[in-house]
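Below: one structure in structure tokens.
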Number of protein chains: 2
Amino acid sequence: MRELLSNLKIQIPEQLFVKDPESSDLGKRIVEQSIILIDDLGFESFTFKKLGAAIGSPESTIYRYFENKHKLLLYLISWYWAWLEYRVAFATANVATSEDQLRNCITAICETVKQDQNFSHINEELLQRIVISESSKTFLTKEVDLENKNGYFQNYKNLIERLVRIISDINPDFKHPRTLASTLLEANHLQKFFGEHMPSITDCERKDEQLIQFIETMTSSILNYGTKRS
Amino acid sequence: MRELLSNLKIQIPEQLFVKDPESSDLGKRIVEQSIILIDDLGFESFTFKKLGAAIGSPESTIYRYFENKHKLLLYLISWYWAWLEYRVAFATANVATSEDQLRNCITAICETVKQDQNFSHINEELLQRIVISESSKTFLTKEVDLENKNGYFQNYKNLIERLVRIISDINPDFKHPRTLASTLLEANHLQKFFGEHMPSITDCERKDEQLIQFIETMTSSILNYGTKRS
DNA sequence: GCAAATATAATAGTATTACTATCAAAACTG
DNA sequence: CAGTTTTGATAGTAATACTATTATATTTGC
């Protein structure tokens with residue numbers, strides 16, 4: 001998996017930035033430091049002024065790359081979905097059965113990222129933590145319909161579509177492949193968050209195993225439910 | 001269900017308000033109008049100044065009831081959980097089997113609220129929409145651990161605990177009753193939101209049926225999965 | 001190698017937000 | 001009806017989320 005990114009460029013909808021941050025050193029530092037800062041402060045307390053201080057530039061510079069902090073968050077989350085889709089694609093390549101493919105998908109999705117080396121300016125470990133705590137804020141807004149129409153969530157949808165294909169392959173009669181795919185993705189975040197911050201409402205501890213087991217059991221059982229009965 | 005609230009008072013953790021809004025007419029108007037405004041503007045654009053204008057009072061008055069808008073949101077969401085727990089409690093009363101109880105719970109939870117008459121100052125229909133779009137913002141913050149310790153989420157936990165008891169009753173060997181209960185609650189919101197705003201990633205349309213069917217199938221299948229196999 | 005274009009820095013400024021403070025007028029309360 | 005509590009009216013502050021302007025680098029195209 002490590003070489004994955006050396007030749008592939010993660011594609012982000014260009015509506016999400018004013019100037020592509022990958023196109024300059026400063027842009028990369030903006031992205032790099034924004035991840036560190038958002039993870040540290042939380043999105044609400046994160047400001048372009050603080051980010052400017054972190055990179056040693058005035059905040060007006062950041063506005064040349066991102067229209068506002070909401071779009072910067074969208075950019076980061078979008079990057080994560082694209083990255084995760086590649087991981088999922090690799091995890092399912094050359095795997096014979098759809099059942100095994102889905103199992104591998106679930107592991108790839110639910111695995112807590114640990115990275116020792118930094119290959120790029122993006123720290124995926126921190127970014128995953130941001131996704132867990134902040135990603136739903138990208139769409140839980142009054143602007144969601146417009147932003148959806150503008151393609152801001154394309155990478156998220158692509159990932160879900162990939163899961164849907166596998167799910168439908170396992171059980172073509174299953175009536176809720178999209179619902180299952182999006183539930184699966186979001187339940188992963190939520191349960192990880194609960195495990196860390198509200199342990200009394202989850203059985204998932206810090207380790208990934210219980211969560212993966214729950215999600216695997218949930219998907220297997222729901223996909224077999226109809227077929228075995230009828 | 002209608003008489004439910006006439007003699008019962010919804011209990012809200014008193015840490016969530018400075019002065020109990022139920023204790024005065026003004027307090028009730030603050031709550032009433034805040035629901036209308038948050039639903040209309042979204043939580044980000046909602047301000048105490050606008051709320052003040054809506055009730056014809058200066059914003060400083062609102063601060064005498066709620067420390068800030070985050071706590072007001074916590075109050076509203078907390079009210080909803082308590083209200084929903086009563087509904088769930090009634091929906092399961094005198095129901096013989098745990099399986100039927102759980103089915104009734106799911107219906108009570110997933111049913112879109114429609115209210116023709118206003119019995120109280122709280123419009124549950126609007127409030128449910130707020131819960132769908134805004135409730136996760138109450139805990140997806142950097143202050144979650146402190147707020148959790150302070151009991152801000154007690155009503156949410158109570159509801160989950162009630163579901164957990166029924167789930168464990170159906171299958172005492174099931175290893176993830178809490179995970180299932182919280183997933184069920186949150187998936188309901190998420191899928192409703194997707195159904196309305198991002199229909200391509202869900203199979204749930206505006207009507208409740210498909211969502212209820214998915215959640216029922218999911219819970220039934222996962223709770224039967226272990227038992228039938230082993 | 002230099003002019004022209006572009007990117008960044010430095011600074012200033014604005015409207016709005018999220019409060020806090022003060023004091024007077026109303027309204028209830030014993 | 002005196003005293004307490006509640007509300008209204010007004011003012012003020014620090015921070016946020018931008019926008020604008022001008023000067024200085026830096027890159028690039030010829």
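All chains are named by letter (A, B, ...) in the order of the sequence lines, taking the proteins before the strands, and each is independently numbered beginning at 1.
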Legend entry - Which residues share a side-chain hydrogen bond (donor to acceptor under 3.5 Å, both in side chains) with B:T112, sequence neighbours left out: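 Applying side-chain hydrogen bond (donor to acceptor under 3.5 Å, both in side chains) to B:T112 gives B:D208.
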Legend entry - Any side-chain heavy-atom pair of B:I109 and B:L163 under 4.5 Å: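 In contact.
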Legend entry - Touch class at under 4.0 angstrom, heavy-atom based, for A:Y65 against every strand present: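 Answer is sugar-phosphate: A:Y65 comes under 4.0 Å of backbone atoms only.
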Inset, instruction - Identify, with sequence neighbours excluded, every residue that meets side chain to side chain contact (heavy atoms under 4.5 Å, CB included) alongside B:A187. - result: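 Testing B:A187 for side chain to side chain contact (heavy atoms under 4.5 Å, CB included), a comparison that skips the adjacent residues, returns A:T183.
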Legend entry - A:K69 to A:F48 six-membered ring, cation-pi geometry met (6.0 Å, 45°):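 Because its charged atom misses either the 6.0 Å distance or the 45° angle limit, A:K69 does not stack over A:F48.
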Inset, instruction - Please list, chain by chain and in numerical order, all residues satisfying salt bridge (Lys or Arg N to Asp or Glu O under 4.0 Å) with A:D20, sequence neighbours excluded. - result: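 Applying salt bridge (Lys or Arg N to Asp or Glu O under 4.0 Å) to A:D20 gives A:K9.
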Legend entry - Those residues of residues 144-153 of chain B lying under 4.0 Å from DNA chain C by at least one heavy atom: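 DNA chain C contact set from residues 144-153 of chain B: none.
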Inset, instruction - Taking side chain to side chain contact (heavy atoms under 4.5 Å, CB included) as the test, write out the residues that go with B:A53, two or more places apart. - result: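 Applying side chain to side chain contact (heavy atoms under 4.5 Å, CB included) to B:A53 gives none.
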Where do N or O atoms of nucleotides 26-30 of chain C meet protein N or O atoms at under 3.5 Å, pair by pair?
none

Legend entry - Counterpart residues, side chain to side chain contact (heavy atoms under 4.5 Å, CB included), relative to A:T47 (two or more places apart):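 Testing A:T47 for side chain to side chain contact (heavy atoms under 4.5 Å, CB included), a comparison that skips the adjacent residues, returns A:K49, A:K50.
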Can you give me the N/O atom pairs linking the protein to nucleotides 12-20 of chain C at distances under 3.5 Å, or say none if there are none?
{"residue": "C:dC19", "atom": "O5'", "partner": "B:Y63", "partner atom": "OH", "Å": "3.2"}
{"residue": "C:dC19", "atom": "N4", "partner": "B:E59", "partner atom": "OE2", "Å": "2.8"}

Inset, instruction - Verify whether one side chain among A:E22 and A:H121 offers a donor that lies under 3.5 Å from an acceptor in the other. - result: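 Yes, a side-chain donor-acceptor pair sits under 3.5 Å.
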Legend entry - Check ion pair A:K28-A:E32 (N to O, under 4.0 angstrom):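 A:E32 and A:K28: not salt-bridged.
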Inset, instruction - Could I get the full list of side chain to side chain contact (heavy atoms under 4.5 Å, CB included) partners for A:E205, not counting sequence neighbours? - result: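 Counting only residues at least two positions away or on another chain, A:E205 forms a side chain to side chain contact (heavy atoms under 4.5 Å, CB included) with A:Q210.
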Inset, instruction - Give a yes/no answer on whether the side chain of A:S57 brings an N or O atom under 4.0 Å of OP1 or OP2 in C:dT8. - result: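 So the side-chain polar atoms of A:S57 never come under 4.0 Å of the phosphate oxygens OP1 or OP2 of C:dT8.
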Inset, instruction - Using atom CZ of A:R64 as one end and atom C1' of C:dA7 as the other, report the distance to the nearest whole Å. - result: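 Computing the A:R64:CZ to C:dA7:C1' distance gives 7 Å.
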Inset, instruction - Would you mind checking if B:E44 and A:K142 are paired as a salt bridge, meaning a charged N to carboxylate O distance below 4.0 Å? - result: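 Here A:K142 does not pair with B:E44 in a salt bridge, since their nearest N and O are not under 4.0 Å apart.
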Legend entry - Contact list for residues 154-163 of chain B, test side chain to side chain donor-acceptor pair (under 3.5 Å), sequence neighbours left out: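 Counting only pairs at least two positions apart or across chains, the side chain to side chain donor-acceptor pair (under 3.5 Å) contacts touching residues 154-163 of chain B are B:S78-B:N155, B:E85-B:R162, B:N148-B:K157, B:Q154-B:N158, B:Y156-B:E186, B:E161-B:R178.
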Inset, instruction - Walking along DNA chain D from 5' to 3', note the first and the last nucleotide with an atom under 4.0 Å from a heavy atom of chain A, and give both. - result: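 Nucleotide range in contact with chain A: D:dT16 to D:dA20.
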Without placing hydrogens or testing angles, list every side-chain donor-acceptor pair under 3.5 Å for residues 58-65 of chain B, not counting sequence neighbours.
{"residue": "B:Y65", "atom": "OH", "partner": "B:S24", "partner atom": "OG", "Å": "2.6"}

